[in-house]
Amino acid sequence: MAMTEAEVAEHVTRAWRAGLGGAIVTANVDIVRAATRAPDLAALVAAAELVVADGMPVVWAARIAGARLPDRVTGASLVFTLAACAAREGRSVFLVGGEPGVPERAGEVLAARYPGLVVAGAYAPPFGFERDPAEVDRTVKLVCAAAPDLVLVGLGFPKQERLIAVLRPELPRAWYLGCGAGIPMAAGRFKRAPRALQRAGAEWLFRLALEPRRLARRYLRDDLPFAFGLLAGAAWRRLTAGRRP
């Protein structure tokens, strides 16, 4: 959606005041690649109220194709922006994801940074929890018992979106953000790239340098070729748009 980060924050704030909930998908290259190849994953993305471009190649492709996309809106930034909105509104947040102790630490950081923010809870599900219905049920019950207004889910796509899909009917007035690595970033486990690299679309190189063993295959083998194809396809559609009957 063609929204700035400030507009996303304003939308969520208005929805809270109206008693309406929703979900936000931050679509980076990895999410776009996965969604274009699996209808069930595309449906997860389509079910969100807001889908924003988290990744400069996605922004560039949209602009090349002729869409007026104002800027990149990242999950890592929205963690702080929405926490600030929640604090101003006297709302509560629950954090799900990361290694043990990480979501708790992220909650402490957010509470210290935004006075008035209520941290309703934090939980790091065990690795592979999504394959165990009992563990999924435990996670859902923990979140529902806390009844938060904002749920930050940092499990990576599509695990985080699948959990959100289960949670939404239970807490329909809450807002959900699938934020990937946003929770460990908020906890200070690692830093974001300098702003110059972010604007240049090279934040992935910074992340790759930090976590080469975990990210090399995804970034270099899967996402990079797809990003080039995405940009080339957008350019081709723009060039041929005027020739179509």
Side-chain angles (χ1 to χ4, degrees), residues 23-26 28 30-31 54 74-87 90-168 170-171 174-194 203-204 206-219:
I24 304 169
V25 170
T26 54
N28 57 20
D30 195 57
I31 291 176
D54 180 346
T74 72
S77 293
L78 281 175
V79 164
F80 291 95
T81 301
L82 295 183
C85 291
R91 303 281 177 170
S92 61
V93 62
F94 196 108
L95 300 92
V96 181
E99 297 177 358
V102 170
E104 289 84 356
R105 176 56 185 158
E108 292 170 359
V109 170
L110 294 174
R113 186 164 178 172
Y114 305 113
L117 178 65
V118 178
V119 178
Y123 182 57
F127 182 78
F129 86 103
E130 71 279 3
R131 296 187 294 272
D132 185 343
E135 285 293 345
V136 173
D137 186 60
R138 169 179 167 79
T139 304
V140 170
K141 286 180 177 178
L142 283 172
V143 177
C144 290
D149 301 294
L150 173 64
V151 186
L152 306 176
V153 189
L155 298 168
F157 183 85
K159 286 190 289 186
Q160 60 196 22
E161 280 69 27
R162 285 177 173 150
L163 180 61
I164 288 169
V166 176
L167 284 167
R168 289 189 64 181
E170 304 296 326
L171 293 171
W175 272 86
Y176 302 85
L177 172 67
C179 57
I183 289 176
M185 284 185 180
R189 293 296 296 267
F190 52 89
K191 296 181 180 179
R192 289 195 66 184
E203 188 168 14
W204 67 275
F206 187 84
R207 289 284 312 281
L208 181 61
L210 291 176
E211 301 181 273
R213 186 171 298 180
R214 188 175 75 86
L215 297 176
R217 181 176 176 180
R218 186 211 303 179
Y219 282 179

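- Around CD of Glu135, the count of heavy atoms belonging to other residues, nucleotides or ligands within 6.0 Å exceeds 12.
- Using modelled atom types, no side-chain atom of Asp54 and backbone atom of Asn28 make a donor-acceptor pair closer than 3.5 Å.
- Counting heavy atoms from C-beta on, the side chains of Asp137 and Asp132 never come closer than 4.5 Å.
- Of all non-hydrogen atoms in Gly156 and Glu161, the two that sit nearest each other are O-OE1, 4.3 Å.
- Looking at heavy atoms from C-beta onward, Val96 lies out of side-chain contact with Pro103 at the 4.5 angstrom threshold.
- Rounding to the nearest 0.5 angstrom, the gap separating the CD atom in Gln160 from the CG atom in Leu152 is 10.5 Å.
- Put simply, the side chain of Val136 reaches to within 4.5 Å of the side chain of Phe129, judged on heavy atoms.
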Tell me which donor-acceptor pairs under 3.5 Å the side chains of residues 110-124 have, and how far apart each pair is, sequence neighbours excluded?
residue, atom, partner, partner atom, Å
Tyr114, OH, Phe80, O, 3.4
Tyr123, OH, Arg138, NE, 3.1

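- The minimum heavy-atom distance between Gly75 and Cys179, with the atom names listed, is O-CB, 4.0 Å.
- To the nearest 0.5 Å, the span separating CG on Leu177 from CD1 on Ile24 amounts to 5.5 Å.
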Starting from the C-alpha separation in whole Å, work towards a yes-or-no answer on side-chain contact (heavy atoms from CB on, under 4.5 Å) for Leu171 and Cys144. CA-CA 7 Å; Leu171 293 171; Cys144 290; 4.2 Å; yes

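- Put simply, the side chain of Pro148 does not reach to within 4.5 Å of the side chain of Val93, judged on heavy atoms.
- The shortest non-hydrogen separation linking Leu142 to Phe94 is O-CE1, 3.7 Å.
- Contact of the Leu167 side chain with the Tyr176 side chain is registered, since non-hydrogen atoms from C-beta on lie closer than 4.5 Å.
- For the atom pair Glu170 CD and Lys141 NZ, the distance stands at 10.5 Å (nearest 0.5 Å).
- With rounding to the nearest 0.5 angstrom, the CD1 atom of Ile183 is 10.0 Å from the CD atom of Glu104.
- You'll find the side chain of Met185 stays beyond 4.5 Å of the side chain of Val79, heavy atoms only.
- You'll find the side chain of Val143 stays beyond 4.5 Å of the side chain of Leu163, heavy atoms only.
- Between Arg91 and Leu150, the closest side-chain pair of non-hydrogen atoms is not below 4.5 Å.
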